[in-house]
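One structure is given below, encoded as structure tokens.
A, B, ... follow the sequence lines: proteins, then strands. Residue 1 opens every chain.
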Amino acid sequence: MRSTFGSPVLDAAARLLAPFMWLFAAYVVIHGHESPGGGFQAGVIVAASIILLRLVRGRLAASVLTSRDALTLACLGPLLYGGIGIASFFFGGNFLDYGVFPFPMEPSEVRAMGTLGIEIGVAVGVAGVLVLIFDALARWEDGTL
Amino acid sequence: MIRRLTVLLLAPALVVLLQAAADLPEVGDSTAPAFAHVAPYYLAHAHEETGAANYVTAVLADYRGYDTFGELTVIFTAGLACLLILGVCDKATPGRDGA
Amino acid sequence: MSLLAPGQLQYALAALLMLTGLYGMLAKTNLARKLMAMNVMQVAVIVFFIALAVRSGGSPPIEIEHAATQIEPAYANPLPHALMLTAIVVSVSTTGVALALLVRVHRRFRTLDESKLLDRLRE
């Protein structure tokens, strides 16, 4: 990306803001059972923080999460989701039937753990894909990823 | 010209849509058909069955987890399609489309 | 012809948004504006579904402790919320694909105007 909006104020603000956005995303995904939130929202928050860094710092921020890392994340999300779905086969359940996992908890708690796992998968996948789309659109001038 | 034609075309559509809206249940009516079938079941049993107090999460990730898996696949495919359409992966042949 | 009740104005809003988007898709000649109009149509659908989920006096569909009041709380319908949550994210990613296509078209033809595009295609 050629042009940036870089200025010392924006630079410091974005650097300060990004870790708190990640913290908030972690809260949103982990606390998604009890309060508004979930995987999609957390993924979008992570992607927004990365895109903020990209916008403010331009090429300097490319090392925060490279496009290849974003592609890896985008692949990892559906893999984690489907992996949890398939893992329940091995304990005698159906696809995505989290209740069969042998955790020493209440049955509903076990299901909540499975739900948390796939929410993390959704968050990782959505964050990776959104950063990937932004990079693909922002760097078409250079022709490189 | 084309704008007037479009407005002329869309005016009957507005009438039809508003007429259809007049037949819908009022907003906030808890006896509406949308509240009649699975929604009461979710509201009554979601917490004890899935352990999630957030009903939206319970529906999204547990009752309709297969659906959400499909959505995630759609998003993943869209990301891959973006990369392939813009051709950012093939460094060897930049500007292949003759731009 | 029956008139709209005051409780049905949200549906009228959704219909107006839908037709605004449809007008944009039909009358605008710039492809980027058509894409924005298509997004307005998606928002119309989302508004419509969320209006179906509203319960008057109901709380958001998150279970609250009601031991103190002893009144069974009424919740909004969680199903349309869950459906629209995924619809929003899918619309974001499809918009990304459409923008990528527009970038590609602009790279090839140097314009996004429909009539100019047709001229270039005939050449």
Exercise for the section: Rounded to the nearest 0.5 Å, what's the gap from CG on B:D29 to CG on C:L52? Could you check? Expected result: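 One finds 11.0 Å between CG of B:D29 and CG of C:L52.
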Using non-hydrogen atoms and a 4.5 Å limit, figure out which bit of [X] sits close to chain B: side chain, backbone, both or neither.
{"X": "C:A87", "answer": "neither"}
{"X": "C:F109", "answer": "neither"}
{"X": "C:A76", "answer": "backbone"}

Practice task
Side chain from CB out, backbone as N, CA, C, O: work out which of these in B:F35 comes under 4.5 Å of a heavy atom of chain C, or both, or neither.
Solution key: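 For B:F35, heavy atoms of backbone and side chain both lie under 4.5 Å from chain C.
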Practice task
Pick one of side chain, backbone, both or neither for B:A32, based on which atoms fall under 4.5 Å of a heavy atom in chain C.
Solution key: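 Neither the backbone nor the side chain of B:A32 comes within 4.5 Å of chain C.
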Handout entry: Under the ring-ring contact (aromatic ring centres under 6.0 Å, His included) test, residues paired with B:Y41 that sit two or more places apart
Key =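 Here the qualifying residues are B:H45.
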Between chain B and each of [options], count heavy-atom pairs under 4.5 Å; write down the option with the most.
{"options": "C:R55, C:M18, C:Q10", "answer": "C:R55"}
{"options": "C:L16, C:V54, C:L101, C:L9", "answer": "C:V54"}
{"options": "C:V97, C:V89, C:N77", "answer": "C:N77"}

Handout entry: Close approach to chain B in residues 21-41 of chain C, criterion heavy atom under 4.5 Å
Key =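 So far as heavy atoms go, C:L22, C:Y23, C:L26, C:A27, C:K28 are the residues that approach chain B to under 4.5 Å.
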Handout entry: Residues in residues 78-85 of chain C near chain B [non-hydrogen atoms, under 4.5 Å]
Key =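 The list, in residue order, reads C:P78, C:L79, C:H81, C:A82, C:L83, C:L85.
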Distance-minimising heavy-atom pair for [X] and [Y]:
{"X": "B:Y55", "Y": "C:I62", "answer": "CD1-N, 4.0 Å"}
{"X": "B:C82", "Y": "C:A100", "answer": "SG-CB, 3.8 Å"}
{"X": "C:L19", "Y": "B:A13", "answer": "CD2-CB, 4.0 Å"}

Exercise for the section: Determine whether C:Y11 and B:V27 make a side-chain contact, defined as any pair of heavy atoms from C-beta on separated by less than 4.5 Å. Expected result: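 SC-SC contact between C:Y11 and B:V27 confirmed.
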Problem - residues 67-79 of chain B: residues contacting chain C (heavy atom under 4.5 Å, by number) - result: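 Against chain C, the residues of residues 67-79 of chain B that fall inside the cut-off (heavy atoms, under 4.5 Å) are B:D67, B:E71, B:V74, B:I75, B:A78.
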Handout entry: Heavy atoms of other groups near C:R120 CZ, more than 12 under 6.0 Å
Key =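 Yes, because the 6.0 Å sphere around CZ of C:R120 holds more than 12 heavy atoms from other groups.
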Handout entry: Within 6.0 angstrom of C:F49 CZ, more than 12 heavy atoms from elsewhere
Key =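 Open.
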Has [X] got a side-chain atom pairing as donor or acceptor with [Y]'s backbone, closer than 3.5 angstrom?
{"X": "B:E26", "Y": "C:Q8", "answer": "no"}
{"X": "C:R104", "Y": "B:I85", "answer": "yes"}
{"X": "C:E63", "Y": "B:H47", "answer": "no"}

Problem - Leading residue by heavy atom contact count with chain C [cutoff under 4.5 Å; candidates B:I2, B:L17, B:L9] - result: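 Result: the option with the highest number of such pairs is B:L17.
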